[in-house]
Amino acid sequence: MEKTIIKDKFDRPLRDLRISVIDRCNFRCQYCMPADQFGDDFEFLPKSALLTYEEIERVAKAFVSVGVEKIRLTGGEPLLRRDLPILVKKLSEIDGLKDIALTTNGVLLPKLADKLKEAGLKRVNISLDTLDDELFGTINGRGVGTKPVLDGIEAAKKAGLRVKINMVVKKGLNDSEIIPMADFCLKNGLELRFIEYMDVGSSNGWKMDDVITKKQIYNMLKEHYQLESLDPAYFGEVAKLYNYTNTDVNVGFISSVSESFCSSCTRSRLSANGQIFTCLFNGNGHDIRNFMRNGATDEELRNRITDIWNGRNDRYSDERTEETARTRKKIEMSYIGG
Ligand code: SAM
Ligand code: SF4
Ligand code: SF4
């Protein structure tokens with residue numbers, strides 16, 4: 001298929017696609033899927049509602065044909081989806097796709113890291129918000145200590161995957177872990193990304209007051225380390241990166257709340273049940289699953305993606321207030337995966 005570049009209403013090209021492969025998770029992180037709202041009786045999607053790997057591959061090819069160069073697999077917890085390496089292999093064979101990544105809580109990496117690497121995965125982001133076992137158990141809502149995640153990090157490194165660590169920082173919860181996490185990652189040659197706590201979905205009870213900003217974290221780091229600012233490597237790079245002077249280790253910030261980056265947002269999302277979202281904070285997606293199941297051709301699929309992207313005018317983080325955080329209907333993180 002011929003490759004074209006499509007742009008939205010603010011002239012932003014479509015470059016990245018995040019695919020949520022499953023809405024279930026073995027954790028109940030309090031900032032994402034709070035245990036009191038995602039209990040044992042919570043109805044996750046039935047298997048028939050999930051896109052099959054063949055369907056995901058088809059949509060991915062259509063996205064690549066209109067400019068997508070990077071795909072990130074996410075969830076829920078993506079490693080819970082059976083035979084994920086089969087999907088990675090299919091995606092890694094798509095002509096024109098430059099990068100495939102995965103975001104995971106890491107627990108299943110000891111079992112899967114080698115297979116994922118063999119299938120063509122190059123890198124992985126592993127979420128870890130603290131090194132303190134008790135606090136981690138409270139955050140993940142399942143009482144799980146850090147060891148399974150630390151083992152996952154080791155397994156990924158051993159398999160030859162590039163590893164970055166994601167840490168969501170919430171005031172009063174884990175801000176005391178900023179320096180210990182920075183120390184740990186620096187010593188182990190891991191790039192740490194501090195993520196500002198966001199008002200995703202409508203179940204995490206977000207308040208602006210709970211956010212520790214990039215600037216606050218940066219100031220804390222400056223008391224301990226010498227940092228050099230790095231230029232963005234490409235248009236739309238989400239993380240602001242710094243280098244620890246005289247090392248080859250970087251540290252990054254995803255400042256989605258305090259310094260929004262909507263003007264260069266090139267990212268689209270595909271939910272586990274086959275809806276396209278053009279912003280993390282959309283309430284409704286655009287169905288693509290039934291469109292395909294009802295017999296759409298490849299050309300129709302590509303045209304639909306083009307129409308959706310051409311009509312995009314999202315800039316939620318530029319407009320966010322306490323009021324929008326409370327009242328706007330937004331899709332849950334487990335559906336579209338951050
Ligand atoms: N289960 C996988 C994991 O935790 O890495 C993948 C899905 S998770 C939704 C993707 C990323 O979103 C994780 O790094 C997680 O920490 C982050 N995240 C979840 N809720 C968030 C929130 N309220 N604010 C900021 N980041 C959040
Ligand atoms: Fe699960 Fe990831 Fe959400 Fe935690 S952040 S509940 S691991 S999907
Ligand atoms: Fe992109 Fe929406 Fe986030 Fe803005 S708020 S950066 S448009 S996903």
Side-chain angles (χ1 to χ4, degrees), residues 8-10 12 14-16 18-35 37-38 42 44 72-81 101-109 124-130 136 139-142 144 148-149 152 164-170 173-174 192-207 210-212 236-239 254-257 259-269 271-272 277-282 312-320 324-325 328 330-338:
D8 69 6
K9 286 195 182 311
F10 295 130
R12 298 168 293 191
L14 173 56
R15 286 285 184 219
D16 319 84
R18 291 211 163 189
I19 303 176
S20 170
V21 293
I22 193 164
D23 60 336
R24 287 162 204 264
C25 189
N26 40 357
F27 281 179
R28 289 291 181 275
C29 299
Q30 53 175 267
Y31 50 71
C32 176
M33 295 170 75
Q37 288 171 65
F38 291 82
F42 186 83
F44 288 100
R72 176 173 295 279
L73 299 176
T74 176
E77 175 44 47
L79 299 186
L80 288 182
R81 177 89 188 242
L102 170 79
T103 306
T104 171
N105 63 27
V107 171
L108 291 172
L109 279 173
V124 62
N125 284 38
I126 302 176
S127 303
L128 180 65
D129 306 314
T130 171
F136 191 56
I139 293 176
N140 64 49
R142 285 278 155 96
V144 177
V149 182
K164 292 177 188 168
I165 306 295
N166 284 359
M167 173 178 177
V168 176
V169 186
K170 185 176 172 193
L173 182 68
N174 64 339
L192 173 62
R193 284 155 181 247
F194 293 104
I195 304 178
E196 289 180 353
Y197 170 49
M198 293 184 289
D199 53 324
V200 290
S202 35
S203 50
N204 72 0
W206 183 91
K207 295 191 300 306
D210 293 332
V211 179
I212 304 268
E237 185 169 43
V238 167
I254 317 271
S255 59
S256 348
V257 179
E259 293 170 23
S260 58
F261 36 77
C262 297
S263 60
S264 60
C265 178
T266 57
R267 185 174 290 172
S268 183
R269 294 173 162 87
S271 67
F277 290 81
T278 53
C279 176
L280 182 53
F281 302 94
N282 287 158
R312 176 195 198 229
N313 60 2
D314 304 295
R315 44 189 291 272
Y316 176 77
S317 285
D318 283 354
E319 297 162 339
R320 173 189 288 108
T324 60
R328 169 132 15 153
K330 303 182 231 102
I331 187 74
E332 291 298 329
M333 193 71 145
S334 54
Y335 265 65
I336 53 171

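For ligands, and for the atoms within them, numbers begin at 1 and follow the listed sequence.
Atom numbering of ligand 2 starts at 1 in the shown order; those under 4.0 Å from a heavy atom of Gly76 are 8 (S). Atom numbering of ligand 3 starts at 1 in the shown order; those under 4.0 Å from a heavy atom of Phe281 are 5 (S). The Tyr316 neighbourhood of ligand 3 comprises atoms 5 (S), with distances under 4.0 Å to a heavy atom of that residue. Taking a cut-off of under 4.0 Å to the non-hydrogen atoms of Phe27, the atoms of ligand 2 that pass are 6 (S), 7 (S). The contact set between ligand 2 and Asn105, taken as ligand atoms under 4.0 Å from a residue heavy atom, comprises 7 (S). Each of the following atoms of ligand 3 lies closer than 4.0 Å to a heavy atom of Phe261: 6 (S). For ligand 1 and Asn105, the ligand atoms under 4.0 Å from any heavy atom of the residue are 2 (C), 3 (C), 5 (O).
When the heavy-atom distances from atom 8 (S) of ligand 1 to Ile126, Thr74, Asn26 are ranked, the shortest goes to Thr74.
With salt bridges taken as basic N to acidic carboxylate O contacts below 4.0 Å, one links Asp199 and Arg320.
With Arg193 contributing its side chain and Ile254 its backbone, the two residues share no donor-acceptor pair below 3.5 Å. No donor-acceptor pair under 3.5 Å is formed between the side chain of Asp210 and the backbone N or O of Lys170. The closest donor-acceptor contact from the side chain of Asn140 to the backbone of Arg142 lies under 3.5 Å. Between the Ser260 side chain and the Cys262 main chain, no donor and acceptor come within less than 3.5 Å of each other.
An N or O contact shorter than 3.5 Å is missing between Asn125 and ligand 1 by distance. Considering backbone and side-chain atoms alike, Tyr197 places every N or O at 3.5 Å or more from each N or O of ligand 1. Of the polar atoms of Tyr31, at least one N or O is found under 3.5 Å from an N or O of ligand 1, judged by distance alone. Residue Met198 has at least one N or O atom closer than 3.5 Å to an N or O atom of ligand 1. Geometrically, ligand 1 and Glu77 share a nitrogen or oxygen pair separated by less than 3.5 Å. Of the N or O atoms in Gly75, none lie within a sub-3.5 Å distance of an N or O in ligand 1. The distance criterion of under 3.5 Å between nitrogen or oxygen atoms is met by Ser127 with respect to ligand 1.
Relative ring orientation between Phe27 and Phe136 is described as perpendicular, the plane-to-plane angle rising above 60° on a 0-90° scale split at 30° and 60°.
Within the 4.0 Å heavy-atom cutoff, Ser256 does not count among the residues contacting ligand 1. Under the 4.0 angstrom criterion for non-hydrogen atoms, Met167 is not in contact with ligand 1. Contact between Arg269 and ligand 3 is present, with at least one heavy atom of the residue lying under 4.0 Å from the ligand.
Closest to atom 4 (Fe) of ligand 3 among all protein heavy atoms lies Cys262 SG, 2.3 Å. Nearest to atom 2 (Fe) of ligand 3 among the protein's heavy atoms is Cys279 SG, 2.3 Å. Scanning the protein for heavy atoms near atom 8 (S) of ligand 3, the closest one is Leu280 N, 3.4 Å. The protein atom (non-hydrogen) at minimum distance from atom 7 (S) of ligand 3 is Asp314 O, 3.6 Å. The protein heavy-atom contact nearest to atom 1 (Fe) of ligand 3 is Cys265 SG, 2.4 Å.
Smallest separation of non-hydrogen atoms from Gly75 and Pro78: N-CD, 3.8 Å.
Residues Asp16 and Thr266 bring a donor and an acceptor atom of their side chains to less than 3.5 Å of each other. Between the side chains of Asn174 and Asp129, no donor-acceptor pair of N or O atoms lies under 3.5 Å. Using modelled atom types, one finds no donor on one side chain facing an acceptor on the other under 3.5 Å when comparing Asn313 with Asp8. Side-chain contact annotation: Thr104 with Glu77, donor-acceptor N/O pair under 3.5 Å present.
Exactly one residue among Leu109, Leu102, Asn105, Asn166 makes a side-chain contact (heavy atoms from CB on, under 4.5 Å) with Ile126. That residue is Leu109.
To the nearest 0.5 angstrom, Thr278 atom OG1 is 9.5 Å from Arg269 atom CZ.
Not one N/O/S atom of Cys25, from backbone or side chain, sits under 2.8 Å from atom 4 (Fe) of ligand 2.
With contacts defined as side-chain heavy-atom distances shorter than 4.5 Å, the pair Phe261/Val238 qualifies.
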